> 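Encoded as structure tokens, here's the structure I'll be asking about.
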Amino acid sequence: MKLSVVMPVYNERNTVREVVERVLAVPLDLELICVDDGSSDGSPKILADLQAQHERVRVFVQPRNMGKGAALRRGIREATGDFVLIQDADLEYDPGDYPALLEPLQQGKADVVYGSRFLGAAPHRVLYFWHSVGNRILTLLSNCLTNINLTDMETCYKVFRRDVIQSIPIEENRFGFEPEITVKVAKRRLRIYEVGISYWGRTYEEGKKINWKDGFRALWCLLKYSFKQSAAPRQPLVAPQSESPSTERVSNLRP
């Protein structure tokens, strides 16, 4: 079993090196696909150094700042593993949760796994009350529109069978990726599991980027894709492959 970790990066020079080291420290067969989204703070240079040091790191560069969704679209397209996991380039999420997230997929029980910040007893940093209220409202609305019972629609940690996520067209360029992919996964009647994860949220002073405008965009995306996307036949069950497609290592930053 091989895991592809897709990590969009935008102006994260203070955290990206440590995140990469934490991902590579997970005892799994994995590749880390970093997509720099037009950073202007030196992040591309750090990524280039990390790629030179670690053969499991592959780096791609967007021509300009296009948004998280656009970076994920690129990274997902480049993935070669059996499963694809979304990882942020800050320190809010712990790669140590990977084995628990992968378990339902490896057992053949799930097509998609969401890492919920509201399940389980893992440690959580206490931060913004109104952020949690907004998250719960968006998750509730998402559940009403999709008829699934998630507890954390906006979580970063989402893991997919590669054939599933590469078959879903991603249209949103910014943070609308979360509601868009949730609606499209639900419409395809895929098997979705949730796993409790730890969470160390950061403040705006520490670099948090999402804001109230993104909340309204998420609301719009939920409504847009719920009415635009028609229900599709259930995906056929596919057992995880023992070997994944081979790929040449990227030796230089690629546009």
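The model shown is predicted, which means the values in this text are computed figures rather than measured ones.
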> The test is side-chain contact (heavy atoms from CB on, under 4.5 Å); show your working for Lys68 and Asp37 and say whether it passes.
CA-CA 8 Å; Lys68 179 179 180 179; Asp37 189 34; over 6 Å; no

> As a quick check of understanding, evaluate side-chain hydrogen bond (donor to acceptor under 3.5 Å, both in side chains) for Asp163 and Ser167, giving each step before the final call.
CA-CA 6 Å; Asp163 61 304; Ser167 72; over 6 Å; no

> Kindly work out whether a path of hydrophobic side-chain contacts (I/L/V/M/F/W/Y, heavy atoms less than 4.5 Å apart) joins Trp220 to Tyr225.
no

> Are Leu141 and Leu219 packed together at the side-chain level, in the sense that at least one heavy-atom pair is separated by less than 4.5 angstrom?
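They are in contact (side-chain heavy atoms under 4.5 Å apart), so the answer is yes.
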
> Quick check against the 3.5 Å criterion: does Lys184 have a side-chain atom that pairs as donor or acceptor with the backbone of Pro169?
yes

> Grab the two heavy atoms, one from Pro95 and one from Val26, that are nearest each other, plus how far apart they are.
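The pair with the smallest heavy-atom distance is O-CG2, 3.4 Å.
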
> I would like to know whether Thr182 and Ser142 meet side-chain hydrogen bond (donor to acceptor under 3.5 Å, both in side chains); could you show each step before the answer?
CA-CA 8 Å; Thr182 300; Ser142 170; 5.2 Å; no

> Below 4.5 Å, heavy atoms only, C-beta onward: do Asp49 and Arg17 meet side chain to side chain?
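Asp49 reaches Arg17 side chain to side chain.
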
> Are any non-hydrogen side-chain atoms of Val19 and Asp90 less than 4.5 angstrom apart?
no

> Given the rule in the side-chain contact (heavy atoms from CB on, under 4.5 Å) test, do Leu3 and Asp29 qualify, once you have shown the distances and angles that lead to the verdict?
CA-CA 6 Å; Leu3 175 66; Asp29 179 14; over 6 Å; no

> Is any side-chain heavy atom of Arg161 less than 4.5 Å from a side-chain heavy atom of Asp82?
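The answer is no; the side chains never approach within 4.5 Å.
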
> Is there a side-chain contact (heavy atoms from CB on, under 4.5 Å) between Val16 and Leu47? Walk through the geometry before answering.
CA-CA 8 Å; Val16 66; Leu47 291 173; 3.8 Å; yes

> Using 0.5 Å steps for rounding, measure from the CD1 atom of Ile33 to the CZ atom of Arg56.
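So the gap between those two atoms works out to 13.0 Å.
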
> Between Asn65 and Tyr10, does the side-chain contact (heavy atoms from CB on, under 4.5 Å) criterion hold? Intermediate values first, please.
CA-CA 8 Å; Asn65 178 239; Tyr10 178 62; 3.4 Å; yes

> Dump the intermediate steps for side-chain hydrogen bond (donor to acceptor under 3.5 Å, both in side chains) on Asn11 and Ser43, then the final yes or no.
CA-CA 6 Å; Asn11 289 346; Ser43 293; 5.2 Å; no

> Heavy atoms only: give me the nearest Leu30-Val23 pair and the separation to one decimal.
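Looks like CD2-O, 3.7 Å.
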
> Can you check whether Leu91's main-chain N or O pairs, donor with acceptor, with Thr15's side chain at less than 3.5 Å?
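Not at all, since once roles are kept as given, no pair shorter than 3.5 Å links the two residues.
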
> So, Glu12 and Ser39: side-chain donor and acceptor under 3.5 Å apart, yes or no?
no

> Give a yes-or-no answer on whether the side chains of Lys187 and Thr146 include a donor-acceptor pair shorter than 3.5 Å.
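Absent: no donor and acceptor within the cut-off.
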
> For the side chain of Asp111 and the backbone of Arg191, is there at least one donor-acceptor N/O pair under 3.5 Å apart?
yes

> Give me the atom names and distance for the closest heavy-atom approach of Pro44 to Asp36.
CG-OD2, 3.6 Å

> If the condition is side-chain contact (heavy atoms from CB on, under 4.5 Å), which residues does Ala70 pass it with, not counting sequence neighbours?
Gln62, Met66, Arg73, Asn173

> Would you please name every residue forming a side-chain contact (heavy atoms from CB on, under 4.5 Å) with Arg136, sequence neighbours left out?
Phe118

> Which heavy atom in Ala186 sits nearest to a heavy atom in Ile148, and how many Å separate them?
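Taking Ala186 first and Ile148 second, the nearest heavy atoms are CB-CD1, 4.0 Å.
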
> Given side chains that start at C-beta, do those of Leu72 and Ile86 come closer than 4.5 Å, heavy atoms only?
yes

> Can you name the residues that form a side-chain contact (heavy atoms from CB on, under 4.5 Å) with Asn14, not counting sequence neighbours?
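With sequence neighbours excluded, Asn14 shows a side-chain contact (heavy atoms from CB on, under 4.5 Å) to no residue whatsoever.
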
> What pair of heavy atoms forms the shortest contact from Met7 to Leu32, and how long is it?
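So the two residues come closest at CB-CD1, 4.1 Å.
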
> Test of understanding: with ring-ring contact (aromatic ring centres under 6.0 Å, His included), list the residues that count as partners of Tyr157, not counting sequence neighbours.
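With neighbours one apart ignored, the set is Tyr93, Tyr98.
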
> Nearest 0.5 Å, what's the CG-CZ distance between Asn147 and Arg189?
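Taking CG in Asn147 and CZ in Arg189, the distance rounds to 10.5 Å.
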
> Can you tell me how far CZ of Phe160 sits from CG of Leu85, rounded to the nearest 0.5 angstrom?
9.0 Å

> Tell me, do Leu50 and Glu21 make a side-chain contact under 4.5 Å, heavy atoms counted?
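They are in side-chain contact.
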
> Under the 3.5 angstrom rule, does the side chain of Gln51 hit a backbone N or O of Val59 as a donor-acceptor pair?
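A pair under 3.5 Å: yes.
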
> Under the side-chain contact (heavy atoms from CB on, under 4.5 Å) test, which residues partner Pro179, sequence neighbours left out?
Met153, Glu154, Ala218, Cys221, Leu222

> Does Leu119 belong to the same Ile/Leu/Val/Met/Phe/Trp/Tyr cluster as Leu140, with side-chain heavy atoms less than 4.5 Å apart forming each link?
no

> CD of Gln87 to SG of Cys34: how many Å apart, nearest 0.5 Å?
9.5 Å

> Calculate, to the nearest 0.5 Å, the distance between atoms CD1 and CZ belonging to Ile165 and Arg77 respectively.
13.0 Å

> When you measure from the side chain of Asp97 to the backbone N and O of Ile197, does any donor-acceptor pair fall under 3.5 Å?
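A pair under 3.5 Å: no.
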
> Would you name the heavy atoms of Phe177 and Gly69 that are closest together and state the gap between them?
CB-CA, 4.2 Å

> Is a donor on one side and an acceptor on the other found under 3.5 Å between the side chain of Ser116 and the backbone of Glu194?
no

> For the side chain of Arg162 and the backbone of Phe83, is there at least one donor-acceptor N/O pair under 3.5 Å apart?
no

> What ring-ring contact (aromatic ring centres under 6.0 Å, His included) pairs are there with at least one residue in residues 14-43, not counting sequence neighbours?
none

> Between Glu180 and Ile168, is any pair of side-chain heavy atoms under 4.5 Å apart?
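Side-chain contact under 4.5 Å: no.
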
> For the CD atom of Glu178 and the CG atom of Asp152, what is their distance to the nearest 0.5 Å?
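The distance works out to 9.5 Å.
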
> Examine distances only and state if a side-chain atom of Ser4 and a backbone atom of Val84 form a donor-acceptor pair shorter than 3.5 Å.
no

> Do Ile192 and Val185 make a side-chain contact, defined as non-hydrogen atoms from C-beta onward lying under 4.5 Å apart?
yes

